[in-house]
2 protein chains.
Amino acid sequence: MAAVRLQDVAIRAGVSQATASRVLNGSSRVPGEGVADRVRAAAAELGYVANAQAQALARSSTGLIGLIVHDIADPYFSSIAQGVQAAARRAGKLVLLASTQRDFDIERESVSTFISHRADAIILAGSRQSGDLDRDLEKECARYLDNGGTVVVIGQPLSFGAAVEPENYAASAQLAHALLGQGHRDFAVIGGPGNIRTAVDRRNGFVEALATHGVTPLVEIAGDFSRDGGFSAARRLSAALDLHPGQVDNVPPCVFAVTDVMAIGAIAAWRQLGLAVPDDVCIAGFDDIPTLRDHVPGLSTVALSLVDIGERAVRLALDDSATESRAHEFVPGRVILRDSSVLRRV
Amino acid sequence: MAAVRLQDVAIRAGVSQATASRVLNGSSRVPGEGVADRVRAAAAELGYVANAQAQALARSSTGLIGLIVHDIADPYFSSIAQGVQAAARRAGKLVLLASTQRDFDIERESVSTFISHRADAIILAGSRQSGDLDRDLEKECARYLDNGGTVVVIGQPLSFGAAVEPENYAASAQLAHALLGQGHRDFAVIGGPGNIRTAVDRRNGFVEALATHGVTPLVEIAGDFSRDGGFSAARRLSAALDLHPGQVDNVPPCVFAVTDVMAIGAIAAWRQLGLAVPDDVCIAGFDDIPTLRDHVPGLSTVALSLVDIGERAVRLALDDSATESRAHEFVPGRVILRDSSVLRRV
DNA sequence: CTGAAAGCGCTTACAG
DNA sequence: CTGAAAGCGCTTACAG
């Protein structure tokens, strides 16, 4: 049983297909009211639903926005996805979702598929390995842009397309100042992979702000950009700093983990070692992911409006001029101090 | 600058469009090797990417799977989404995502849009209000099914389409037994809205299992199916039970919250009131959402393999016979006891 | 304001 | 094995 076509409603309404198309989907002035009503009535009676595929082919615009994230189950990305989804819906667009699980081949494949489906725009969320995409991907994107596609990156900008980027460097510096303000003097850093710029910027912003005050981190350890990365980095770090439970005589060192997810992993590792936060060791993260809300101890962090970031990305994606001019929006972070970095008087 | 079309590569390869189509996309036997090679070479040189929209129109199959969730930022749904996404990718399908934020109008609109885009299948995740969809939505789905579409529900089955449903009743009963086994005798329930069957089944499974042992909950309170719903229900509950910090002389009552998200909200409320878990009040949830991993205190719960549920839904969606026979798969839950329900000796 | 007709980029019987 | 041609369901100049 085939679906109702525009032709069917046209016949039923006694008008041409062109007219039916105009009253149902066309934007310009509506035809004579009588005609329009008849067409609408016919469409309703038949239960007509326009075939978006056919429309896309005829209009050469699909109304599809492709979103590629590292891991949709990660609260950081699912919050961004919510923003993208909401903004897309308001703009009458649909979102195609791809979750790469940090697999580069899957990412490349996803971009191809989105292009093949002629997504009007592609949003790439999550920092990439090196400064740019690999050769193949880049060529494919170039062709896509030539054909009128638009690319928006969340995070580190590429050599093409628009970008919305958190102010990682500046916000991390603010965090450092806030922690110094709390009385901290001993610091350590749990950084991310050296080729991920987000990780590097956060580390640099923090460390260089400390340097301003003549402070240098006691240790720096790098881990994966994940909860488990934070977990194992924290173990190594506590060994390096020779941390022990209940050393109330010393002021505990303050660790900066470049993402909340890593910080949470670190706290879990320490708990397992019997180390209490903030009594034996203090910590701060970055992102203010929603799950922090009910995490104990409360984690000091830098709040990023993740949903807002997703919405901005859509706005850029829909704005051709923004894409052509390679617009680059920065979104600020806001320092939030919670229990995890509180220095208790001894 | 228009994209490369099949016609272009056909001309370049010196063959007909039909032949080019067959070597590039057709499934059956590949034409003479020489020809095939030339076509592939031409496609590569030109950077040909098939237009999926046109293919969809010609084949009347889009390769699109629509996923509708209540809230993509909720870890329950984002885990399911991950499963859906992974299974879809393996099957060469693309997923369209809609997050309704629990707004029924948006849900209806999303279904329409997916149908309009001729998604091959639609997966509806999350319990619905009443037993079924509303009139409009149902009629639209009926037409969709007639036209070859397939619908899969995660949770309570509808009057049509396939379903994958957690064994809510049985698993909640097991949880009750496990808690009785831990020595609990005083119980309370934080339930969900009375018209959401998932909530009702879990409540019933739990309460009826208790009844088997001659135990009746002291109180039952209903809340929204959300973190804040659990939060406010917990406040009312602690008033009803007259809970106070440090009543070490009594065995604390054990509360069953029908979702982990609600349980987490409840714990937050109690913490604010100075009530400690599990010393002043015990609690167990349901779902084993991933964020539980680093939640303190560890929450006793029923583990559902959320990713697996998403994957199963895709499998059903892709299997026409399953849809036609209104397949109904059950997925078991596994009781996990953690700190939140531990009864300490006084 | 309305309609006939071409075109969007593919696939697929149907012949050869 | 290969090609000419019709068809998928719309939109949109172009005439009237």
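What you see is a predicted model, and the numbers here were worked out from it, not measured in a lab. In what follows, every chain begins at residue 1, and chains take the letters A, B, ... in the order their sequences are listed. We use all heavy atoms of the structure for the numbers below, so side chains are in, but hydrogens, waters and symmetry mates are not.
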Between D105(B) and R108(B), does any NZ, NE, NH1 or NH2 come within less than 4.0 Å of an OD or OE carboxylate oxygen? yes
Please list all pairs meeting side chain to side chain donor-acceptor pair (under 3.5 Å) that have one or both residues in residues 79-97 of chain A, counting only residues at least two apart or in different chains. R90(A)-E311(A)
Only pairs at least two apart or in different chains count here, so list each side chain to side chain donor-acceptor pair (under 3.5 Å) that has a residue in residues 116-126 of chain A. S61(A)-D120(A), T62(A)-D120(A)
State which residues pass ring pair (Phe, Tyr, Trp, His ring centres under 6.0 Å) with F225(A); sequence neighbours excluded, sorted by chain then number. none
Going by the rule ring pair (Phe, Tyr, Trp, His ring centres under 6.0 Å), which residues pair with Y76(A) if we only count those two or more places apart in sequence or in a different chain? none
Mapping V15(B) and R118(B) onto DNA chain D by nearest heavy atom, which one lands closer to the 5' end? V15(B)
For nucleotides 6-8 of chain D, print each protein N/O atom paired with a nucleotide N/O atom at under 3.5 Å, atom names and distance only.
| residue | atom | partner | partner atom | Å |
| --- | --- | --- | --- | --- |
| dC8(D) | O2 | A58(B) | N | 3.4 |

Consider the side chain of Q17(A), meaning its heavy atoms from C-beta on, and name the nucleotide among dC10(D), dA13(C), dT2(C) that approaches it most closely. dC10(D)
Choose from dT2(C), dA4(C), dT11(D) the nucleotide whose nearest atom is closest to any side-chain atom of L6(A). dT11(D)
Close side-chain approach of E45(B) and R12(B), heavy atoms under 4.5 Å: yes
Without decimals, in angstroms, what is the distance between [X] [atom1] and [N] [atom2]?
X: L24(B); N: dC10(C); atom1: CG; atom2: P; result: 10 Å
X: Q53(A); N: dT11(C); atom1: CD; atom2: C1'; result: 15 Å
X: L46(B); N: dG9(C); atom1: CG; atom2: P; result: 14 Å
X: R22(B); N: dG3(D); atom1: CZ; atom2: P; result: 8 Å

Using Watson-Crick or G-U wobble pairs with both distances under 3.5 Å, give me DNA chain C in dot-bracket, 5' to 3', with [ ] for crossers and | for pairs to another strand. |||.||||||||.|||
What contact category does A56(B) fall into here, base, sugar-phosphate, or nothing, at under 4.0 angstrom with non-hydrogen atoms? nothing
Just to be sure I understand the rule, does A52(B) reach a base, reach only the sugar-phosphate, or reach nothing, if contact means heavy atoms closer than 4.0 Å? nothing
Set of salt bridge (Lys or Arg N to Asp or Glu O under 4.0 Å) partners for D319(B), sequence neighbours left out: none
Partners passing salt bridge (Lys or Arg N to Asp or Glu O under 4.0 Å) against E165(A) (at least two apart in sequence or in another chain): R197(A)
S21(A) side chain N/O closer than 4.0 Å to the phosphate oxygens (OP1, OP2) of dC10(D)? no
Any side-chain N or O of S16(A) below 4.0 angstrom from OP1/OP2 of dT2(C)? no
All side chain to side chain contact (heavy atoms under 4.5 Å, CB included) counterparts of L145(A), not counting sequence neighbours: V151(A), F160(A)
